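Each remark here refers to the structure printed beneath this line.
We use all heavy atoms of the structure for the numbers below, so side chains are in, but hydrogens, waters and symmetry mates are not. Small disclaimer: the values here were computed from a predicted structure and weren't measured. Each chain gets a letter, A, B and so on, in the order the sequences are listed, and its residues count up from 1.
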Protein chains: 2
Amino acid sequence: MIRVLLAEDQAMVRGALSALLNLESDIEVLASAADGEAAWREVQRLKPDVLVTDIEMPGLTGLELAQRIRRHELPVKVIIVTTFARPGFLRRALDAGVGGYLLKDAPAEGLADALRTVHRGGRAIDPQLALEAWSDADPLNDRERQVLRLAGEGHSASDIGSQLNLSHGTVRNYLSEAIGKLGAANRIEAYRLARQKGWL
Amino acid sequence: MIRVLLAEDQAMVRGALSALLNLESDIEVLASAADGEAAWREVQRLKPDVLVTDIEMPGLTGLELAQRIRRHELPVKVIIVTTFARPGFLRRALDAGVGGYLLKDAPAEGLADALRTVHRGGRAIDPQLALEAWSDADPLNDRERQVLRLAGEGHSASDIGSQLNLSHGTVRNYLSEAIGKLGAANRIEAYRLARQKGWL
DNA sequence: GTGCGGATGTGACAACCGTCACCCGGGGGT
DNA sequence: ACCCCCGGGTGACGGTTGTCACATCCGCAC
């Protein structure tokens with residue numbers, strides 16, 4: 001019997017996934033959590049064999065959750081199930097030692113199989129995504145990322161400067177760098193590109 | 001027995017919802033479709049009692065699907081199940097005569113109940129969303145919407161002008177209007193605001 | 001200490017953006 | 001015929017953005 005904890009913020013999807021997994025005779029969904037912090041508490045309390053988690057959740061993301069489990073050396077395998085086919089996310093997930101990374105686009109039947117594979121100590125990584133993951137790396141450094149994120153939210157250069165204790169000129173330099181590295185025409189396009197790759 | 005067709009682009013969620021609904025003894029999921037066009041074909045072929053559909057799907061959106069069903073006067077009730085708590089979406093859905101509008105944030109148990117309610121001819125609208133829906137209306141006109149959408153994708157004023165056969169000056173006038181109406185500081189913020197309200 | 005590299009600033013320039021006042025032409029009302 | 005509104009355009013203004021060359025400072029290797 002594989003003991004599973006489910007973390008997913010959208011209640012309807014959470015309930016549906018739980019129903020799906022409970023159809024399997026060798027899988028038991030112990031509990032489910034609606035956000036990262038709750039999931040962390042349940043992980044410690046229930047010590048499940050496998051945690052199935054979304055990435056985007058309020059509070060603590062699935063990636064941070066995986067990192068935390070690794071840091072505490074808990075014997076809990078992690079499977080990420082997410083909408084986002086962003087190479088950067090997969091990379092970070094692998095760095096955090098997750099056992100599986102599946103897309104919500106993938107067929108539902110695969111989830112139970114992936115769960116069994118990971119429980120046995122194997123890995124279940126979405127194949128087409130695995131290819132892209134090592135193709136192009138994030139060219140941005142920390143400053144460029146911060147600045148680009150704020151710019152994408154509609155802040156002006158001076159605005160960003162005061163938030164980060166930088167001069168507005170420096171902010172524009174970083175933005176210019178980022179735009180150049182991404183081959184974009186302006187900050188808006190750069191933001192969209194970076195976001196789509198999972199780099200922000 | 002309520003005969004249901006399910007339309008949802010994310011395979012895993014589709015499978016999970018299907019499993020969830022099939023647990024109910026009075027509900028039968030006839031088939032499921034991965035995009036709007038496929039859903040439309042299945043609606044015609046199977047004549048389900050109720051169509052449960054997402055909004056954001058490749059090809060044809062759930063809203064367009066609902067409109068099409070209404071236009072053809074098919075005896076198929078529609079329930080929208082979506083991530084997006086955007087008042088504008090609910091408004092359009094109601095205009096298209098849908099029977100239900102639920103958020104994926106809502107508890108999964110509610111789905112079957114909503115299905116029964118709608119099948120009986122009732123309505124199942126997410127309550128807190130229903131309030132917001134009539135609160136503030138979209139202040140943008142068509143031109144402003146088009147222009148703002150393109151601007152949000154990173155196009156410059158002249159760029160947009162040539163796409164819409166307008167002068168770049170006029171484009172800037174429209175953008176200025178839109179920014180003003182939305183109380184934003186620049187096009188980026190205006191885009192984000194409009195998008196978040198479901199107005200674009 | 002010298003030298004190098006990274007992080008941050010500065011100043012200048014051209015292009016672009018946001019705003020405003022105003023112009024034009026074509027429908028509708030009346 | 002008259003007026004007025006509406007979609008679209010113009011031109012000018014000041015501010016912002018994107019780019020680049022150059023300056024400064026600090027830490028670290030040698």
Check ion pair [X]-[Y] (N to O, under 4.0 angstrom):
X	Y	result
A:R143	A:E177	no
A:E42	A:R45	yes
A:D54	A:K104	yes

- Task: Not counting sequence neighbours, which residues clear side chain to side chain donor-acceptor pair (under 3.5 Å) with A:N186? List them please.
- Result: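 A:N186: no side chain to side chain donor-acceptor pair (under 3.5 Å) contacts found.
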- Task: Please list, chain by chain and in numerical order, all residues satisfying side chain to side chain donor-acceptor pair (under 3.5 Å) with A:K47, sequence neighbours excluded.
- Result: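 Checked A:K47 against side chain to side chain donor-acceptor pair (under 3.5 Å); zero matches.
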- Among residues 160-185 of chain B, which residues get a heavy atom nearer than 4.0 Å to DNA chain D?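 Heavy-atom contacts with DNA chain D come from B:L166, B:S167, B:G169, B:T170, B:R172, B:N173, B:Y174.
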- Query: Does any residue of residues 141-152 of chain B have a heavy atom under 4.0 Å from DNA chain D, and if so, which ones, in number order?
  - Reply: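 Those residues are B:R143.
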- Message: At a heavy-atom distance below 4.0 Å, which nucleotide of DNA chain D is the first touched by chain A, and which is the last?
- Response: D:dT17 to D:dC20
- Query: Under the salt bridge (charged side-chain N to carboxylate O under 4.0 Å, His left out) test, which residues partner B:E109, sequence neighbours left out?
  - Reply: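 Salt bridge (charged side-chain N to carboxylate O under 4.0 Å, His left out) list for B:E109, sorted by chain: empty.
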- Item | Partners passing salt bridge (charged side-chain N to carboxylate O under 4.0 Å, His left out) against B:E64 (at least two apart in sequence or in another chain) |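 Residues passing salt bridge (charged side-chain N to carboxylate O under 4.0 Å, His left out) with B:E64: none at all.
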- Item | Pairs satisfying ring pair (Phe, Tyr, Trp, His ring centres under 6.0 Å), at least one member in residues 39-95 of chain B, at least two apart |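 For residues 39-95 of chain B, and leaving out neighbouring residues, the ring pair (Phe, Tyr, Trp, His ring centres under 6.0 Å) pairs sorted by first residue read B:W40-B:H72.
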Contacts of [X] that satisfy side-chain contact (heavy atoms from CB on, under 4.5 Å) - sequence neighbours left out:
X	answer
A:L140	A:D138, A:E144, A:R145, A:L148, A:A178, A:K181, A:L182, A:A194
B:E28	B:M1, B:R3, B:L30
A:S176	none

- Task: Applying salt bridge (Lys or Arg N to Asp or Glu O under 4.0 Å), run through A:D113 and A:R116 and close with a yes or a no.
- Result: CA-CA 5 Å; A:D113 289 340; A:R116 292 187 193 101; 3.1 Å; yes
Nucleotide N/O of nucleotides 23-25 of chain C paired with protein N/O under 3.5 Å:
none

